[in-house]
Amino acid sequence: MSARRSLRRSPRRSPRQVVLAVTIAAAALALTGCAQTVSLDPGADANDPGCAEISVRLPDSVADKDRRQTDAQATGAWGDPAAVLLRCGVPPLGPTTKPCVDVNGIDWVLMSDPAAKQVVYQTFGRTPATEVVIDHVSGASDAAVLPEFASAIGSIKQTEKCLSTLDTSLTPPTATPTPTSTPTPTPSR
């Protein structure tokens with residue numbers, strides 16, 4: 001009988017308390033809806049100190065898209081839904097015949113089909129290497145995205161320069177020109 005009495009004697013909440021509780025719950029739900037974390041896999045070498053250098057220099061916005069929280073070390077995401085993704089600590093590239101472009105002093109290798117809905121670029125000649133995925137469907141363009149990372153990625157020393165097939169004509173006559181990326185040649189006199 002005492003259990004029944006305690007149930008009957010539960011305190012009544014005032015309308016003001018009910019409104020306050022509902023308001024707080026709605027605000028909490030709204031905030032969590034706006035701040036969803038982007039789930040990414042970290043690069044194999046995400047714990048490299050160079051990735052920490054890059055991570056602290058990542059921009060707050062890229063191509064007019066705000067930065068979002070991620071759940072993996074040395075990663076970044078911009079846009080809602082995410083239009084630009086970054087992972088530091090991916091395995092560095094060796095010589096490649098894939099297209100390479102210099103954007104503000106950073107060599108980027110195009111890893112995917114340039115006409116794809118999502119394109120993937122990876123830095124060349126820097127360890128740790130960084131990968132950037134750009135979602136073209138979102139309206140983000142390579143030309144608007146890649147320059148935004150020059151300052152952060154430039155904090156890592158470049159040890160090799162990406163060469164195009166046109167650059168191989170600068171190699172000494174004794175070397176065999178190849179369409180691969182190699183260290184910057186030194187001209188002979």
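These numbers come from the heavy atoms of this one structure, side chains and all, not from hydrogens, waters or symmetry mates.
Distance alone, capped at 3.5 Å, places no donor-acceptor pair between the Thr70 side chain and the Gly76 backbone. For Asp102 (side chain) and Gly105 (main-chain N/O), a donor-acceptor pair under 3.5 Å exists by modelled atom type. The backbone N or O of Ala46 sits less than 3.5 Å from a side-chain atom of Gln73, completing a donor-acceptor pair. Of the possible polar contacts, none joining the Arg87 side chain to the Thr130 backbone as a donor-acceptor pair under 3.5 Å is found.
Looking at every heavy atom in both residues, Ala129 comes nearest to Pro92 through CB-CA, 3.8 Å. Counting all heavy atoms, side chain and backbone alike, Ser112 lies closest to Gln118 at OG-O, 3.9 Å. Listed here is the closest heavy atom pair of His136 and Ala116: ND1-O, 3.6 Å.
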side-chain contact (heavy atoms from CB on, under 4.5 Å) assessment of Asp66 paired with Asp60: CA-CA 6 Å; Asp66 291 333; Asp60 291 333; over 6 Å; no
Residues Thr75, Leu85; criterion side-chain contact (heavy atoms from CB on, under 4.5 Å); working and verdict: CA-CA 7 Å; Thr75 60; Leu85 303 172; over 6 Å; no
Apply the test side-chain contact (heavy atoms from CB on, under 4.5 Å) to residues Tyr121 and Met111: give CA-CA distance (whole Å), side-chain angles for both, the deciding distance (0.1 Å), then the verdict. CA-CA 6 Å; Tyr121 284 92; Met111 303 297 291; 6.0 Å; no
Going through the distances and angles, do Leu110 and Val101 end up as a side-chain contact (heavy atoms from CB on, under 4.5 Å)? CA-CA 8 Å; Leu110 179 61; Val101 61; over 6 Å; no
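Both Ile156 and Trp108 are assigned to one and the same hydrophobic cluster, defined by single-linkage of ILVMFWY side chains at heavy-atom distances under 4.5 Å. Residues Val84 and Leu58 fall within the same hydrophobic cluster, defined by Ile, Leu, Val, Met, Phe, Trp and Tyr side chains chained together at heavy-atom separations under 4.5 Å. Neither Val133 nor Val90 shares a network with the other; the hydrophobic side chains, linked directly or stepwise wherever heavy atoms of I, L, V, M, F, W or Y lie under 4.5 Å apart, form separate groups for each. In the hydrophobic cluster analysis, where Ile, Leu, Val, Met, Phe, Trp and Tyr join through side-chain heavy atoms closer than 4.5 angstrom, Ile106 is grouped together with Ile134. Hydrophobic cluster membership is shared by Leu146 and Ile54, with clusters built from Ile, Leu, Val, Met, Phe, Trp and Tyr side chains linked at under 4.5 angstrom.
Distance check: Ser138 OG to Lys117 NZ gives 12.5 Å after rounding to the nearest 0.5 Å. Taking OG of Ser151 as the reference point, atom CZ of Arg57 lies at 7.0 Å (rounded to 0.5 Å). To the nearest 0.5 Å, atoms CZ (Arg126) and CD1 (Ile153) are separated by 7.5 Å.
If you check the side chains of Ser39 and Asp71, you find a donor sitting under 3.5 Å from an acceptor. Between the side chains of Gln158 and Asp107, at least one donor N or O sits under 3.5 Å from an acceptor N or O.
Around CG of Asp64, the count of heavy atoms belonging to other residues, nucleotides or ligands within 6.0 Å does not exceed 12.
Remark: Phe149 pairs with Trp78 by the ring pair (Phe, Tyr, Trp, His ring centres under 6.0 Å) rule, at least two apart or across chains.
Annotation: side chain of Gln122 is in contact with side chain of Leu93 (closest heavy-atom distance under 4.5 Å). The closest side-chain heavy-atom distance from Glu131 to Leu86 is not below 4.5 Å. Side-chain contact between Cys162 and Val109 is present, with heavy atoms from C-beta onward closer than 4.5 Å.
Ionic pairing of Arg68 and Asp80 is present here: one or more N-O contacts between side-chain nitrogen and carboxylate oxygen are shorter than 4.0 angstrom.
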